[in-house]
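The shown structure was predicted, so the numbers you read here are calculated from the model rather than taken from an experiment. Protein chains get the first letters and strands the later ones, always in sequence-line order, with residue 1 at the start of each. Basis for what follows: all heavy atoms, side chains included, without hydrogens, waters or symmetry-related copies.
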Amino acid sequence: MARILITSALPYINGIKHLGNLIGSQLPADLYARYNRGRGNEVMFLCATDEHGTPAELAAAKADQPVAEYCADMHKVQTDIADRFGLSFDHYGRSSSMQNRKLTQHFASKLADAGLITEVEDRQVYSNTDGRFLPDRYVEGTCPNCGHDGARGDQCEECTKQLDPTDLINPRSAISGSTDLEVRETKHLFLRQSALRDQLDQWIDSKTDWPILTTSIAKKWLHDGDGLQDRGITRDLDWGVPVKKGDEDWPGMEGKVFYVWFDAPIEYIAATGEWAEANGKTDADWQRWWRTDMGADDVKYVQFMGKDNVPFHTLSFPATILGSGEPWKMVDHLKSFNYLNYDGGQFSTSKGRGVFMDQALEILPADYWRWWLLSHAPESSDSEFTWENFQQSVNKDLADVLGNFVSRITKFCRSKFGEAVPEGAEYGEQEQALIAELTTRIRAYEGHMDAMEVRKSAQELRAIWVAGNEYLQSAAPWSTFKTEPEKAATQVRMGLNLIRLYAVLSAPFIPTAAASMLSAMNTLNTSWPDDVAEALNALPVGHDFSVPDVLFAKITDDQREDWQSRFSGKRD
RNA sequence: GGCGGUAUAGCUCAGUUGGUUAGAGCAGCGGAAUCAUAAUCCGCGUGUCCGGGGUUCAAGUCCCUGUACCGCCA
C-alpha cells in the first residue's frame, strides 16, 4: 500500500474563491486524493487558509472587525464551502495556527544557524497617520512616467512601468489617503537563496517528469538576469508570525513579522500537526509523513497549484527546507495549472467577475461543477468557461450518457423482473467482450489518473460510461425478453453490476452521484475493479436494489440564459 | 522592454523520440432502435495543422523569422 501526501495551494483568507481558483489547485488535488483512497492507498490530504499579510488586515478593517476575528470567521466560511464542494481534506488548517508559528520560527532559527540569513538595512515609506509602514503597492500617487494619477508604488498599471514608491509624485497612503508620509530606515531579514542556487538547480534538473509549465518557470527564476535573488522574509506589520529565532527573541527584529510567503508553505507541515492534535494523535503520527528520518521515506508527496504559485514552491520553500539541514520530506511531483478564463475575459476576485464558489452551489449541485471543471482543466494552456459549453457538456455527459444509463436499466428491470437482480445464465460471449473492453479502458484510466492527466482521465471515464450504453444497445434486453427472458435477465444483471462499477470508478469526479448510485444498488462494496470480471459479479442474483431519482436533471435553455445574464457583471 | 505559454475541423481539445490517407468529444446531416431524463446506438469530416523561410528521403512535430492572443516580471 503506497502512502501519498497531497497538498493544495493555500487559498488566501480575504474572501470566497472563484471557480478559476478551485480548478487550479483544490479540485484536482481532491480528485487525486479520492482516487488514491479508492485504490486502497494511505492518503494524507491537506489544505489551509493563508491568513497573514496586509490584504487580510485591510479586508478586516473594511469589515470593521479585528483581523484575528475576521480570519476566524472567513476560515469557517471557506471550510463550509469546501465541504459542500466535496473537497475531502483530512485537515483544513490555518496558517495562523500556533503550530505554524512555532515551526516557522524554528525554520528561521535553523536557517540563521546555517548562515543563510542576513540582515539588510532598507528604507521604506512610513505613514504617520496610519501609524505603520506601507508596503510598496499601498503607496499611491502620480506616475512620473505617464502622469497617471492612480499609480502604485510597485508599478504603474497605466503604462506598466515599474516604480519605486519614492518615484511617485504627490505620494499618499492607499489605506487612509493621508499624505503625511516619510521615508524611514528599517531592518529586514533576507533568505540567502542565491547560496542555494546550485543545489536547487540540480534538484529541479532531477525532476524530469514534471509539467513543462513547472520546470520552465523554476528555470527562469534560477537563471534569468543575475540568477536567483535573495529574498526579504520579514515585514513591518502586526499581523503575522512574530520574528523570533526559535523560542528566543531576535535582537533588532522587535515588532516585525515574517513575510506571508515565508510562513505559508510551512503551514503544509504545520497543518499535519494540527490534524494530529485535532484527532488525538501523537507527534509521531504526523512526523511519519514529513520526516524522512521518522518514516516518511516511502511517502510520495504531490503538490497542486496554479502557475502563479510555482516560483514559491519550486524555489523559496525548497530553499527553506534544504537550508534547514534537517531531513524534511520534499515534493516529489508538482502539478501546476494554467488559468481558467470566464466568458471572454479573466475571472477576477478584485473585480468580482465570474462565478464564485458559493454562487455556484446556489444554482447547481457540486458534481455538475466538479465534472465540467475537471474535464476542462487548464492543463496545457489557459482554457475558457462559457455557459453554452457548460450546459452542453453537463447535459450530454452526466444526464444523457451516465444518468440515463442508470435510469434505463433500473426501470427496465423493475418493470420486467422487479427490484432485485434477476436470475439468468452465466455471462456469454457478448459479456466477455464487454469485460475485455472495460479492462483495457480501466487500466488506461488508472494510468492517466496515476499520471495526474486530469482531462484524459475524464475522457476515458466517459468512454467507460459509453461502453455500457453500447452494450445495452446491442444486447437489447427489451428485445431478447420477448423470446428468451433468461437471456434478458443475464443482460440486466450485467447492467445493474455496471452501475456499481461506474459508481466506484466515477467517485473521484462526482462523489455525490456515486454515493446515490451505490445507495440505489443497496451495496457498501466500493472495492476497486482490479479484476473486472469479478467486479461485474459483485451484485449476486436475488440482490435487492431500488430505482434512484434522476441523477442529473438537465440544464434548460432558460436557466442557462438566466445565469448568463445574472453573472455577466460584478458580484454584489 | 525582457521572459514564458498558446495558435490544429463551426466549438472544446488530442497529436508520443519527425514517418503510411491529421484524430476524439460536442454541434450538424442521415439511419436503427423504442428499455430510458425526446435519452441511446450506428454512419458521414476537401481542415492553406497562424503567415513566411529553412533542415530532411520525410515536418502539425525540429531551426529561423513574422503576426495574434494570454500571462509573469520578486
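Pair assignment for rA33(B): none, as no Watson-Crick or G-U wobble contacts are both less than 3.5 Å. Taking a pair to require two hydrogen-bonding distances under 3.5 Å in either a Watson-Crick or a G-U wobble arrangement, rC69(B) pairs with rG5(B). Base pairing analysis places rA39(B) opposite nothing; no Watson-Crick or G-U wobble pair with both distances below 3.5 Å involves it. Base pairing analysis places rC49(B) opposite nothing; no Watson-Crick or G-U wobble pair with both distances below 3.5 Å involves it. With a cut-off of 3.5 Å on both pairing distances, the Watson-Crick or G-U wobble partner of rG10(B) is rC26(B). rU55(B) is unpaired under the criterion used here, namely a Watson-Crick or G-U wobble arrangement in which both key atom distances are under 3.5 Å. Base pairing annotation: rU21(B) forms no Watson-Crick or G-U wobble pair, as no partner gives both donor-acceptor distances under 3.5 Å.
Separating the CG atom of Asn389(A) from the C1' atom of rG25(B) is a distance of 11 Å, rounded to the nearest angstrom. The distance between atom CG of Leu373(A) and atom P of rU12(B), rounded to the nearest whole Å, is 17 Å. Per the geometry, CG belonging to Asn338(A) stands 12 Å off P belonging to rC72(B), to the nearest Å. Gln392(A) places its CD atom 10 Å from the P atom of rC26(B), with the value rounded to the nearest Å. Nucleotide rC72(B) holds its P atom 12 Å from the CZ atom of Phe312(A), rounded to whole Å. Rounded to whole Å, the distance from CZ on Phe390(A) to P on rC11(B) is 22 Å. One can place CD of Gln391(A) at 12 Å from C1' of rA27(B), the figure rounded to the nearest angstrom. Taking atom CD of Glu453(A) as the reference point, atom C1' of rG15(B) lies 13 Å away to the nearest angstrom.
Considering only side-chain N and O atoms, Lys456(A) lies nowhere under 4.0 angstrom from the phosphate OP1 or OP2 of rA24(B). Not one side-chain nitrogen or oxygen of Arg455(A) sits closer than 4.0 Å to the OP1 or OP2 atom of rU12(B).
The minimum heavy-atom distance between Phe509(A) and Leu461(A), with the atom names listed, is CD1-CD2, 3.6 Å. Minimum heavy-atom separation, Phe337(A) to Val454(A): CZ-CG2, 4.2 Å. Of all the heavy atoms in Leu505(A) and Tyr445(A), the pair that sits closest is O-OH, 2.8 Å.
Of the candidates Glu437(A), Glu431(A), Gln491(A), Gln430(A), Glu431(A) is the only one forming a side chain to side chain donor-acceptor pair (under 3.5 Å) with Tyr471(A). When each of Tyr342(A), Phe567(A), Phe356(A) is paired with His18(A), the ring pair (Phe, Tyr, Trp, His ring centres under 6.0 Å) condition holds for Phe356(A) and for no other.
Distance check on atom P: rG19(B) versus rA59(B) gives 11 Å, rounded to whole Å. Here, rU48(B) and rG5(B) have their C1' atoms 25 Å apart, quoted to the whole Å. Using atom P as the reference point in both rU16(B) and rU20(B), the two lie 12 Å apart (nearest Å). One P atom belongs to rU56(B), the other to rC50(B), and the distance between them is 23 Å to the nearest Å. To the nearest whole angstrom, the two C1' atoms, one in rC49(B) and one in rG31(B), are 32 Å apart. Separation of the C1' atoms belonging to rC42(B) and rU46(B) is 24 Å when rounded to the nearest angstrom. Straight-line distance between the C1' atoms of rG25(B) and rG45(B): roughly 14 Å, to the nearest whole Å. When the C1' atom is used for both rU6(B) and rU12(B), the distance is 15 Å, rounded to whole Å.
Aromatic pair His313(A)/Tyr268(A): ring centres closer than 6.0 Å.
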* Can you give one letter per nucleotide of nucleotides 32-38 of chain B, going 5' to 3': B for a protein heavy atom under 4.0 Å from the base, S for sugar-phosphate only, - for none? -> -SSBBB-
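In the set rA14(B), rG25(B), rU12(B), the nucleotide with an atom closest to the side chain of Arg462(A) is rG25(B).
Ring geometry, Phe312(A) versus Trp261(A): the interplanar angle falls under 30°, so the pair is classed parallel (tilted spans 30 to 60°).
Separation of atoms OG1 (Thr556(A)) and CG (Asp562(A)) is listed at 9.0 Å; rounding is to 0.5 Å.
Contacts of Val492(A) with the nucleic acid, taken as non-hydrogen atoms under 4.0 Å apart, are absent.
Ser457(A) places a side-chain N or O within donor-acceptor distance of the main-chain N or O of Glu453(A), the cut-off being under 3.5 Å.
Where Ser474(A) and Asp397(A) meet RNA chain B, the nucleotide closest to each residue was compared, and Asp397(A) sits on the side nearer the 5' end.
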